[in-house]
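A short write-up of the structure that comes next.
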Amino acid sequence: MTVPAENIARLRQLFYQRIAPRHLKPLWEVLHSLVPPQPQPKCVPVLWKYSDLRGPLLEAGDLISAREATRRVLILENPAFAGESKITNSLYAGVQLLKPGEVAPAHRHTQSALRFVLEGRGAFTAVDGERAYMEPGDLILTPSWTFHDHGSETTEPVMWLDGLDIPIVQLLDTGFCEDLSQDQQQVARPVGDALARYGANMLPVDYQPQTLTSPVFSYPYARTREALERLAKGSPVDACHGFKMRFINPATGGHALPTIATFMQLLPKGFRGSACRSTDATVFAGVEGSGRSRVGNETFEWGPRDIFVVPSWVPCTHEADQDAVLFSYSDRVVQEQLGLWQESRG
Ligand code: GTQ
């Protein structure tokens with residue numbers, strides 16, 4: 001017996017309705033979206049000009065103190081994830097302001113965080129008893145479950161980009177957080193201690209890594225910039241990425257954080273990159289110089305401190321009119337560990 005097509009469709013709908021109370025769903029209705037032929041990111045390309053961020057951030061500074069807010073941050077929310085506090089499907093971004101004399105009280109959480117300093121100098125993040133003072137372009141890490149507080153003894157507002165793996169920790173339902181009993185942790189080691197111990201191409205002779213996270217938690221821009229400068233003089237330029245380095249855990253050679261990969265790249269004057277796409281959606285921040293990046297069908301003109309996001313598997317092309325430096329972060333480290341990361345050029 002053959003059943004007419006419209007009857008079949010109706011019978012199927014009735015069947016779906018009948019099985020729904022048993023928490024059953026037909027795979028064949030969703031298979032193609034569950035197992036797509038290639039990534040279909042919800043994430044969309046977005047550019048935040050720093051000139052549009054700075055005013056609102058300073059205004060927030062008049063409305064709430066760092067202490068009351070715990071962290072005075074404006075979230076950079078991708079419009080594709082309205083209400084979800086995500087910049088990409090797997091990562092969070094925000095811009096944080098600390099005014100002179102303020103304290104953002106000590107806490108710790110299982111989420112890993114990076115701070116990329118945008119403006120101002122002289123504020124600090126204390127991590128596990130050591131302070132890292134901020135200069136523009138510095139990368140500071142607060143690894144999972146390390147107590148951290150931010151403080152400012154300077155006379156100017158200090159602003160930085162926060163990158164956290166909040167959506168990854170949410171996905172895995174592994175979020176824990178606790179406050180320290182005091183606002184600021186005790187200083188246990190002098191400034192620069194970790195960098196001297198672990199970041200001078202040497203390690204303490206009996207040192208054994210205890211975690212995946214880098215024991216270096218401050219990567220000063222002056223060193224990063226010099227490395228890029230020398231790299232640019234001594235090696236051919238990559239057609240897609242210019243001169244691009246990744247921040248590492250010097251004890252393992254792996255990425256600096258177990259869930260967030262971090263990068264700095266120099267695009268030499270006149271660079272006209274070729275298109276490239278990769279499976280790791282990436283957050284970029286301009287550091288020096290200016291340029292433009294074509295991301296899918298959008299063209300973003302960026303300069304220092306502008307922030308933009310490139311979704312997974314969307315072609316991206318960078319250009320620079322003068323020497324330009326871009327910081328970026330993504331979940332590439334997770335994808336590499338899982339054998340999922342891919343890049344396609346051209
Ligand atoms: O500085 O500890 O942007 O816990 C979001 C959550 C910053 C921080 C954020 C946080 C922090």
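If you read the sequence from its start, that first residue is 1, and numbering goes on from there. Just so you know, ligand 1 is whichever comes first in the structure, and atom 1 is the first atom listed for that ligand.
Contacts of Gln111 with ligand 1, taken as heavy-atom pairs under 4.0 Å, are absent altogether.
Contact of the Val333 side chain with the Leu257 side chain is not registered, since no non-hydrogen atoms from C-beta on lie closer than 4.5 Å.
Around atom CD of Gln186, no more than 12 heavy atoms belonging to other residues, nucleotides or ligands sit under 6.0 Å away.
Interface of Arg115 with ligand 1, defined as ligand atoms under 4.0 Å from a residue heavy atom, comprises 1 (O), 2 (O), 7 (C), 8 (C), 11 (C). Close approach of ligand 1 to Val73 (heavy-atom distance below 4.0 Å) involves ligand atoms 3 (O). Residue Gln96 approaches ligand 1 through these ligand atoms, each under 4.0 Å from one of its heavy atoms: 1 (O), 7 (C).
Among all protein heavy atoms, the one lying closest to atom 4 (O) of ligand 1 is His109 NE2, 2.9 Å. For atom 8 (C) of ligand 1, the closest non-hydrogen atom on the protein side is Arg71 NE, 3.0 Å. Among all protein heavy atoms, the one lying closest to atom 5 (C) of ligand 1 is Tyr92 OH, 3.5 Å. Looking from atom 7 (C) of ligand 1 to the surrounding protein, the closest heavy atom is Asp162 OD2, 3.2 Å. Nearest to atom 6 (C) of ligand 1 among the protein's heavy atoms is Leu164 CD2, 3.9 Å.
For the residue pair His150 / Glu102, no side-chain donor-acceptor distance below 3.5 Å is found, with atom types taken as modelled. Residues Arg71 and His107 have side chains that bring a donor and an acceptor to within less than 3.5 angstrom of each other. Side chains of Glu288 and Tyr221: a donor on one and an acceptor on the other come within 3.5 Å.
Below 30°, between 30° and 60°, or above 60°: for Trp302 and Phe308 the angle between ring planes is below 30°, a parallel geometry.
Between Asp149 and the options Arg108, Arg131, Gln185, a side chain to side chain donor-acceptor pair (under 3.5 Å) holds for only Gln185.
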